[in-house]
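A quick write-up on the structure given underneath.
Keep in mind that the numbers below use all heavy atoms, side chains included, and drop hydrogens, waters and symmetry copies. Note that ligands are numbered from 1 as they come in the structure, with each ligand's atoms numbered from 1 the same way.
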Amino acid sequence: MKTPLARIGIVLAVIVLIAVAGLAGRHYWGLITSAPESGAAAIGGPFTLIDESGRTVTEADFRGQPLLVYFGYTYCPDVCPTTLTAIAEALDLLGDKGHDIAVLFITVDPERDRPENLGEYVRVFHPQIVGLTGSPEQVAAAARAYRVYYAKAAQDPDDPEEYAMDHSAYTYLMGRDGKFLTHFPHGVSAKDMAERIAKLL
Ligand code: NI
């Protein structure tokens, strides 16, 4: 038999869990687009963003290199770090074959992700990952090009700096010519990713 106090404790724990889940933000696994599958070729395109050193970069700076493009944010508690870890492992598995792949980690949270902390963050995962931010307009334009959905999620009313972002969680593989090749869903294994990249490049 549970005491009334224990019941209250359980109820409180559930409320806290729900609140934490709300603050964690949602990740979307589906392509947020109304375009049919054949429209996948239209994923990608021009962008103007700011790299970790504060330098302005565009898609032209990476032309000739295969790209893995992922939109996320450094405060993401779970999905972004998991995906970046898988990408890093895939790069290690690819070895020489993946040496010129640039991984673009484009923040959907330009308010908090500035060049300084972005660089520090991505470096934890792999030296081939480049952190990109920009003005809210620049980030929005890049997300539009890649058909990425994102939005500010639950916000802590006591601390406006404390919030989560909802965002789609796909990793896009772009060819050396800048054209879309394929995408990987969240949860793909590093081995599967490496094998598909090796086949397509
Ligand atoms: Ni995330």
Checklist entry - Around K191, counting heavy atoms of other residues, nucleotides and ligands shown, do more than 12 lie under 6.0 Å from its NZ? => result no
Checklist entry - Tell me, which protein N/O/S atoms are under 2.8 Å away from the Ni ion (ligand 1)? => result H27 NE2, C76 SG, C80 SG, H167 NE2
Item to check | Y70 and V103: CA distance, side-chain angles, deciding distance, side-chain contact (heavy atoms from CB on, under 4.5 Å) verdict | outcome: CA-CA 8 Å; Y70 181 81; V103 182; 5.7 Å; no
Checklist entry - CG of L84 to OG1 of T74: how many Å apart, nearest 0.5 Å? => result 10.5 Å
Next on the checklist: Please verify the inter-ring angle class for F71 with Y146; under 30° counts as parallel, over 60° as perpendicular, anything in between as tilted.
Outcome noted: tilted
Item to check | Any side-chain donor near an acceptor of the partner, D109 and T107, under 3.5 Å | outcome: no
Checklist entry - Any chance the rings of H167 and Y149 have centres within less than 6.0 Å? => result no
